[in-house]
Each structure stands twice: as C-alpha cells, then as structure tokens.
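This report refers to the structure that appears directly beneath it.
On a predicted model such as this, the values are computed, not experimentally measured, just so you know.
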Amino acid sequence: MASSSSNNTHGKNLRNAVVALLAPLPSIFFYLSFLRHYSAAAEAGSLSPLWTWCYHHPLLLANTLFFLNVNVLFWLIGVLQSSHWMIDLYWTMIPLLLIHYFSTHPLAQCNSWRSRLVILLTWVWSIRLTHSYFRREKWQWGAREDWRFSDMHQQYGKKWWWISFFAVYLAQQVFLMGICLPLYVVHSKDKQLNIWDLFASLVCLTGVTIAYFADTQLHNFVTRNERLKKLGQDLVPNLDEGLWQYSRHPNYFGEQLWWWGLVIFAWNLGCGWYFVGALVNSLCLAYVTILVEERMLKQQYRAEAYKNYRKRTSVWVPWFKTSLTGKEKET
C-alpha cells in the first residue's frame with residue numbers, strides 16, 4: 001500500500017512537472033516566430049499586418065499573450081485538475097519571462113548597463129522565490145493550491161469553476177502586469193546610469209535578502225513543529241525569533257521592498273506614476289495579511305500566544321517590540 005501510494009505521488013509529480021514546463025511554450029513560440037518574421041521582413045522590407053501590430057504594440061502583445069496563455073490555458077488546466085496550483089509557481093517566473101520579452105522586443109531602447117543590472121536582479125529575485133516555493137512544497141510540483149483558492153472554492157461551491165477565471169487568473173494579470181511595468185520602462189528609456197540606479201539596486205537586493213532569511217526561518221519553524229507533532233509533543237505556538245522578532249511578516253516586507261525598488265528605477269527614468277502597480281500590490285498584501293492573521297487566531301493552540309505577539313510586534317516594517325501595559329498583561 002505504501003509503495004503504491006508513493007508511486008502515485010511520484011507519477012502525479014512527474015505529470016505536473018511536464019504540464020508546468022510545457023504550459024508557457026505557446027507564448028514563447030509565438031514570440032520567437034514574431035522575431036523571426038520581423039528579422040526576415042527587415043531584409044525584405046515588408047511585414048504582415050499581424051507582425052506589424054506585434055511590433056508597434058509591445059505592451060498590448062504582452063497582455064494578449066498573458067490573457068490567452070495564462071488566463072485561458074492555465075485556467076483550463078486548473079479546472080481539469082481541480083487545482084489552481086500553477087499560477088503560484090508562475091508568479092515566480094512570469095516577471096523573468098516579461099523582462100526578457102521587453103529587452104528583446106525590436107522597439108526596445110535602453111541603457112545596456114541598466115538593462116543587464118535589472119535582468120540580473122530579476123534573476124536573483126526569481127531564483128530566491130522559486131526556491132522558497134519548492135522548499136515549502138517539499139520539492140513537489142502541484143502538491144496543493146494556495147489555501148485562499150481552496151477557501152474560495154468552498155465559499156462559491158459549484159460556481160467556482162467559472163469564478164476562478166476572474167478571481168485567480170484575470171486578477172493576477174492586473175497585479176503582475178501592473179507591478180512589472182518598471183521592467184518595461186527600463187527597456188523603453190535610454191538614460192545614462194546614475195546614483196539612483198545604484199540606490200534602487202540596493203533596495204531590491206535588501207528586499208530579496210530579507211525575504212530569503214525570513215522564509216528560511218519560517219521554513220525551519222514549520223519543519224520543527226512537524227517533527228514535534230510526529231513525536232506527539234507540544235507544538236511551539238509562535239515564531240518569535242530572528243527577523244520574526246521584529247516583524248510579524250518580514251517575508252512580506254522583503255517582497256514589497258523588491259517591487260518598490262523597481263519603482264525607483266522607473267521614477268529615475270521619468271515614469272514615477274508607475275508606482276500605482278506596486279501600491280495596489282501592497283494594498284492587496286495588506287488584505288492578505290489580515291486573512292493570514294485571522295487564520296492564525298483560529299488555531300486554538302497558538303491563538304493566545306499570537307494575540308500577545310500581535311500586540312507587541314510591528315506588522316511589516318521590522319521594529320523593536322513594544323511593552324504590554326498592565327491591563328494587557330492581565331488579559
């Protein structure tokens with residue numbers, strides 16, 4: 001029985017890996033086809049209406065490919081599998097695909113050093129987040145979907161199959177394309193590299209570093225509790241050490257620093273209004289923070305400890321703990 005279960009898990013893991021690796025290929029092949037036709041047309045002096053449109057509208061093309069390949073195809077896969085796990089994985093990879101798309105589009109114009117710098121930073125961010133994702137999922141492909149999607153599935157019941165298209169995929173397009181606009185700006189403005197680029201890089205790297213250590217500390221905490229549970233011992237109710245001693249959500253803080261670091265790149269190039277994407281993302285994460293903390297308080301073994309932790313510890317920005325008043329200590 002154990003061997004059969006292990007084989008089934010291995011088979012599912014392998015199938016999901018193949019699906020995930022093949023899923024983005026339609027967009028990649030279409031874009032490579034466009035580049036090939038554009039290169040040939042540059043020599044021949046003619047370009048078909050389709051490829052002309054792709055040439056003149058890089059942002060619209062990116063959104064169209066996102067809609068068809070991610071929103072529609074990923075959604076169909078999720079409906080067939082009864083699990084929308086793949087969007088979580090590709091949240092770590094879509095910005096990487098986008099920055100290479102923006103940098104190689106024929107209309108791209110940029111400072112080559114700034115382009116290389118931001119591409120390198122995006123690779124560092126993506127590797128960090130992808131590693132964190134697979135470590136959390138115990139190195140399995142599609143083991144589970146985001147708990148928020150599962151909760152919404154229970155809430156909407158039979159309607160979830162079509163509501164998920166809007167709640168999971170269309171919403172992700174708005175968020176991801178919005179926060180990735182600075183990557184487009186970097187490859188649409190040619191300006192000399194300056195001190196603000198170095199400052200933006202420092203903010204981005206600081207964010208990635210904080211997020212890495214916060215996620216590592218959280219992973220170790222969860223692993224330790226899983227081991228205690230197997231031994232039948234009491235679980236540690238709350239993570240209150242390392243970065244988590246100064247912030248209730250240091251991983252969220254680090255992630256937000258990354259996106260706001262990209263905003264500084266855009267601001268430096270005269271497109272400061274592109275902060276809107278990062279702002280919307282921060283507001284949504286603030287709502288997610290509320291949901292996460294409500295979930296923590298529903299767990300009986302940690303509710304009381306977490307209430308005290310929440311009273312004394314900063315939400316996002318790491319800061320020193322506040323002291324409880326006499327009345328709060330009594331409660």
Side-chain angles (χ1 to χ4, degrees), residues 18-80 84 86-87 89-123 126 162 164-166 168-191 262 265-266 269-271 273-274 276-277:
V18 172
V19 168
L21 293 173
L22 294 178
L25 292 184
S27 287
I28 294 172
F29 285 151
F30 180 88
Y31 181 61
L32 292 176
S33 179
F34 159 63
L35 292 179
R36 187 174 66 253
H37 280 84
Y38 173 79
S39 179
E43 298 176 2
S46 63
L47 197 62
S48 71
L50 173 62
W51 304 126
T52 300
W53 183 88
C54 292
Y55 172 76
H56 287 292
H57 304 285
L59 269 181
L60 282 176
L61 175 58
N63 275 280
T64 301
L65 293 177
F66 195 116
F67 181 83
L68 295 174
N69 201 152
V70 179
N71 294 357
V72 176
L73 182 58
F74 282 27
W75 171 70
L76 288 173
I77 293 171
V79 170
L80 291 173
H84 299 288
M86 204 156 59
I87 191 65
L89 171 61
Y90 269 92
W91 180 275
T92 74
M93 298 180 182
I94 287 173
L96 195 58
L97 294 172
L98 282 172
I99 196 169
H100 283 288
Y101 164 79
F102 291 139
S103 66
T104 56
H105 192 278
L107 274 184
Q109 52 178 332
C110 60
N111 177 281
S112 59
W113 285 106
R114 180 181 293 109
S115 174
R116 294 188 189 105
L117 176 61
V118 178
I119 288 173
L120 176 62
L121 289 170
T122 306
W123 268 98
S126 180
W162 65 267
S164 61
F165 177 81
F166 300 95
V168 176
Y169 297 95
L170 200 59
Q172 300 282 3
Q173 178 170 359
V174 174
F175 294 146
L176 268 171
M177 293 304 297
I179 56 179
C180 286
L181 282 175
L183 304 180
Y184 169 70
V185 174
V186 166
H187 294 97
S188 61
K189 305 277 186 179
D190 189 356
K191 178 182 176 182
L262 293 184
F265 278 110
L269 292 170
C271 295
W273 65 272
Y274 278 25
V276 172

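- At distances below 3.5 Å, not a single donor-acceptor pair connects side-chain atoms of Y31 with backbone N or O atoms of A62.
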Q: Could you check L181 against L59 for side chain to side chain contact (heavy atoms under 4.5 Å, CB included), going step by step and ending with a plain yes or no?
A: CA-CA 9 Å; L181 282 175; L59 269 181; 4.1 Å; yes
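- For the pair Y274 and P182, the tightest heavy-atom approach, listed with the atom from each and the gap, is CD2-N, 4.1 Å.
- For the pair S188 (side chain) and Y184 (backbone), a donor-acceptor distance under 3.5 Å is present.
- Put simply, the side chain of V118 reaches to within 4.5 Å of the side chain of I99, judged on heavy atoms.
- For the pair L68/P26, no side-chain contact is recorded, criterion being any heavy-atom separation below 4.5 Å from C-beta on.
- Minimum interatomic distance between L269 and V186 (heavy atoms only, all atoms of both residues): CD1-CA, 3.7 Å.
- Ring geometry for W51 versus F30: interplanar angle of 30 to 60°, hence tilted.
- Nearest heavy-atom pair across V185 and A266 is CG1-CA, 4.1 Å.
- The environment of W123 atom CH2 is sparse: at most 12 non-hydrogen atoms of other residues, nucleotides or ligands sit within 6.0 angstrom.
- Listed for the T122 side chain is no donor-acceptor partner under 3.5 Å among the backbone atoms of L96.
- At a threshold of 4.5 Å between non-hydrogen side-chain atoms, the residues F66 and I94 count as touching.
- The aromatic rings of Y55 and Y38 lie parallel to each other, their planes meeting at an angle below 30°, with 60° marking the opposite boundary.
- The aromatic ring centroids of Y101 and H187 lie 6.0 Å or more from each other.
- You'll find the side chain of P24 stays beyond 4.5 Å of the side chain of V70, heavy atoms only.
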Q: Output, in order, the C-alpha distance, side-chain angles, deciding distance and verdict of side chain to side chain contact (heavy atoms under 4.5 Å, CB included) for W53 and L60.
A: CA-CA 9 Å; W53 183 88; L60 282 176; 3.8 Å; yes
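- Side-chain contact check for N71 versus F166: every heavy-atom pair is 4.5 Å or farther apart.
- Remark: side-chain polar atoms of S126 are paired, donor with acceptor, to backbone N or O of T92 under 3.5 angstrom.
- Closest approach of N69 to S27, counting heavy atoms only: OD1-OG, 2.7 Å.
- Here H37 contributes atom NE2 and S48 contributes atom OG; the two are 6.5 Å apart, rounded to the nearest 0.5 Å.
- Interatomic distance, CG of L183 versus CG of L97, reported as 11.5 Å (0.5 Å rounding).
- Side-chain atoms of S33 never come within 3.5 Å of backbone atoms of F29 as a donor-acceptor pair (strictly under, hydrogens ignored).
- A distance-only check finds no donor-acceptor pair linking the side chain of R114 to the backbone of F265 [under 3.5 Å].
- For the ring-ring contact (aromatic ring centres under 6.0 Å, His included) with H84, the lone residue among F74, W75, Y169 that qualifies is Y169.
- No donor-acceptor pair under 3.5 Å is formed between the side chain of S39 and the backbone N or O of R36.
- Taking the side chain as every heavy atom from C-beta outward, M86 and V19 approach each other to under 4.5 Å.
- A donor-acceptor pair is defined here as one N or O able to donate and one able to accept, closer than 3.5 Å; no such pair exists between the side chain of S115 and the backbone of N111.
- To the nearest 0.5 Å, atom SG of residue C54 and atom CG of residue L107 are 11.5 Å apart.
- Here the OG-CZ distance, from S103 to R116, works out to 11.0 Å after rounding to the nearest 0.5 Å.
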